[in-house]
Chemist: 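Here's a structure for you.
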Amino acid sequence: MRQELKSLPKTLADDVARNLVMVARLLDSEPEEAYQFSRVALRLASRVAAVREAAGFASYMTQRYSEALTEFRAARRMTGRADLWPVMADCERGLGRPERALAMAGEPEVKQLDKAGQVEMRLVAAGARSDMEQFDAAVVTLQSPELASSAVHPWTARLRYAYAEALIAAGRADEARDWFAKAAEADTDGSTNASERLAEIDGVEFTDALDPELAEDETESTDAPAKKRSGGDNADDRVIFEDEEDVEEYYDEDDLEIDEDFDGVVPGRAQDTKAQDTKAEDTKAEESKAEDTKAEESKAEEAEATKADADKG
C-alpha cells in the first residue's frame with residue numbers, strides 16, 4: 001500500500017493513509033464508520049488499488065454488495081490479482097444471484113488461489129448451493145482433504161462449522177454434532193459460535209452473567225430482606241425477616257430476645273420507670289398546690305378592694 005501511495009503528493013498521501021488506517025481499525029467493530037472513512041479515501045484517490053480494495057471490504061461488511069462488487073472488480077483490474085475472487089463470488093450471493101457464484105467457482109481464476117483462497121471459494125460455493133436449497137450438494141461441496149485433515153489452520157474452524165451447518169440443513173443432525181464439536185475445538189479465536197450450537201444440540205442453556213436485566217433482578221431479590229407478615233390485625237405494620245443472617249445483622253447481641261409475654265417494660269429498668277412515674281406525680285401535685293395558693297391570694301385582694309370602696313362611701 002505504501003508503494004501505491006507514493007504516486008500521490010505527500011500531503012494527499014498522508015490524508016489517504018489516515019483514512020485507510022481508520023478503515024482497517026473500525027472494519028470489524030464499527031463497519032458503518034469504516035465505510036464512511038473509505039468513501040473519503042475513495043474521493044481522494046480513486047485510482048489507487050489499495051483504496052478501491054478497502055472501499056470494497058467496507059461496502060461488503062455493511063452489506064452494500066453492489067458497491068463492493070464494483071470496487072473489487074476495479075481493484076482486480078488494477079492489480080491483476082485473483083485473491084479477491086471468492087469475496088466477489090460472495091457478493092453475487094448477497095445480490096441474490098447464487099448461480100453466478102457457482103459459475104465463478106468453476107472459473108480458471110480459482111486455480112490461481114492459494115490454499116486459504118481455495119477453501120474460501122469452497123465455502124462460498126457451498127453457501128450458494130444452500131441458497132438454492134441443494135443441501136445434499138452443499139455437503140458434498142465441502143467434503144475435501146482440507147476438511148478431513150486433523151491439522152488446524154486459520155480457516156479450519158470455519159470449514160468445519162460450515163460442514164456442520166450443511167449437515168443440519170440436509171437432515172443429518174447426529175453427524176452435525178460431531179462436526180460442531182470439532183469446529184469448537186479448532187476455534188481458538190471465537191470466529192464461529194460452534195460452542196453455542198453444540199450446547200444447543202445438547203440442550204444446555206447458558207446464562208449471560210453480564211446481562212443487565214438479569215443482574216437487576218438478582219439485585220432486587222437480594223436487597224429486599226423483609227416482607228410483610230400475612231394475617232393478623234396489625235399485618236400491615238409488621239415485617240418479618242426470612243433469613244437468620246438478616247436477623248443477626250439487624251439485632252445486636254445485647255438486644256432483647258423476642259418474648260410473647262413481653263409487657264413492654266425492659267427488665268432491670270422497672271425501678272427507674274417507677275421513680276420517673278413518682279416524680280411526675282409529685283410535680284403535678286406541686287403545680288396544683290401553687291395554683292390553689294394563687295387563687296386564694298387573688299380572692300383576698302378582691303376582698304380588700306371591696307372593703308376600701310365601702311369605706312370611701
Chemist: Just to verify, what does K6 make a salt bridge (charged side-chain N to carboxylate O under 4.0 Å, His left out) with, not counting sequence neighbours?
Modeler: none

Chemist: Working to the nearest 0.5 Å, report the span between CG of L27 and OG of S38.
Modeler: 9.0 Å

Chemist: Could you walk me through whether L167 and R177 pass side chain to side chain contact (heavy atoms under 4.5 Å, CB included), step by step?
Modeler: CA-CA 9 Å; L167 289 170; R177 188 205 176 281; over 6 Å; no

Chemist: Between R197 and E200, does at least one N-O distance fall below 4.0 Å, as a salt bridge requires?
Modeler: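 Result for this pair is yes, salt bridge flagged.
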
Chemist: Using a 4.5 Å cut-off on heavy atoms from C-beta on, say whether the side chain of L102 contacts that of M132.
Modeler: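 Yes; the side chains approach each other to less than 4.5 Å.
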
Chemist: If you round to the nearest 0.5 Å, how far is CZ of R93 from CE of M104?
Modeler: 12.5 Å

Chemist: Applying ring pair (Phe, Tyr, Trp, His ring centres under 6.0 Å), which residue pairs with at least one partner in residues 66-124 are found, sequence neighbours left out?
Modeler: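 As it turns out, the ring pair (Phe, Tyr, Trp, His ring centres under 6.0 Å) pairs with a partner in residues 66-124, which skip direct neighbours, are F57-F72.
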
Chemist: Which is it for K182 and D178 under the salt bridge (charged side-chain N to carboxylate O under 4.0 Å, His left out) test, yes or no, and what are the steps along the way?
Modeler: CA-CA 6 Å; K182 292 178 180 180; D178 294 337; over 6 Å; no

Chemist: Which residues pass the side chain to side chain contact (heavy atoms under 4.5 Å, CB included) test with A170, sequence neighbours left out?
Modeler: F135, D136, V139, R172

Chemist: Residues in side chain to side chain contact (heavy atoms under 4.5 Å, CB included) with A151, at least two apart?
Modeler: S149, H153

Chemist: Check whether M61 and L26 end up in the same hydrophobic cluster, where Ile, Leu, Val, Met, Phe, Trp and Tyr are linked by side-chain heavy atoms less than 4.5 Å apart.
Modeler: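 They do not share one cluster, since no chain of ILVMFWY contacts under 4.5 Å joins M61 to L26.
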
Chemist: Check this for me: Q143, atom CD, are more than 12 non-hydrogen atoms of other residues, nucleotides or ligands nearer than 6.0 Å?
Modeler: yes

Chemist: Would you please name every residue forming a salt bridge (charged side-chain N to carboxylate O under 4.0 Å, His left out) with R97, sequence neighbours left out?
Modeler: E92

Chemist: Would you please name every residue forming a side chain to side chain contact (heavy atoms under 4.5 Å, CB included) with K111, sequence neighbours left out?
Modeler: none

Chemist: Check residues 17-25 and write down every donor-acceptor pair under 3.5 Å in which the side-chain atom is one partner and the other belongs to a residue at least two apart or another chain.
Modeler:
unit_1: R18; atom_1: NH2; unit_2: D15; atom_2: OD1; d: 2.4
unit_1: N19; atom_1: ND2; unit_2: D15; atom_2: O; d: 2.8

Chemist: Only counting residues at least two apart or in another chain, list the ones meeting salt bridge (charged side-chain N to carboxylate O under 4.0 Å, His left out) with E4.
Modeler: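 Salt bridge (charged side-chain N to carboxylate O under 4.0 Å, His left out) list for E4, sorted by chain: empty.
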
Chemist: Name each donor-acceptor pair under 3.5 Å that joins a side chain in residues 44-52 to protein atoms two or more places apart or in another chain, with its distance.
Modeler:
unit_1: R52; atom_1: NE; unit_2: E71; atom_2: OE1; d: 2.5
unit_1: R52; atom_1: NH1; unit_2: S46; atom_2: O; d: 3.0
unit_1: R52; atom_1: NH2; unit_2: E71; atom_2: OE1; d: 3.4

Chemist: Tell me, please, which residues at least two apart from A194 pass side chain to side chain contact (heavy atoms under 4.5 Å, CB included).
Modeler: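 Side chain to side chain contact (heavy atoms under 4.5 Å, CB included) list for A194, sorted by chain: Y161, A183, A184, T192.
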
Chemist: Residues two or more places apart in sequence or in another chain: which of them pass salt bridge (charged side-chain N to carboxylate O under 4.0 Å, His left out) with E32?
Modeler: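 Checked E32 against salt bridge (charged side-chain N to carboxylate O under 4.0 Å, His left out); matches are R64.
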
Chemist: Considering non-hydrogen atoms only, spot the tightest contact between V124 and A101 and give its length.
Modeler: CG1-CB, 4.4 Å

Chemist: Decide if atom CG of D189 counts as having more than 12 heavy atoms of other residues, nucleotides or ligands within a radius under 6.0 Å.
Modeler: yes

Chemist: With the side chain counted from C-beta on, respond yes when I168 and F180 share a heavy-atom pair under 4.5 Å apart, and no when they do not.
Modeler: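 The answer is yes; the side chains approach within 4.5 Å.
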
Chemist: For residues 114-125, pull every pair meeting side-chain hydrogen bond (donor to acceptor under 3.5 Å, both in side chains), keeping only residues two or more places apart or in separate chains.
Modeler: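 Every pair satisfying side-chain hydrogen bond (donor to acceptor under 3.5 Å, both in side chains) with a residue in residues 114-125: K115-E146, E120-R158.
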
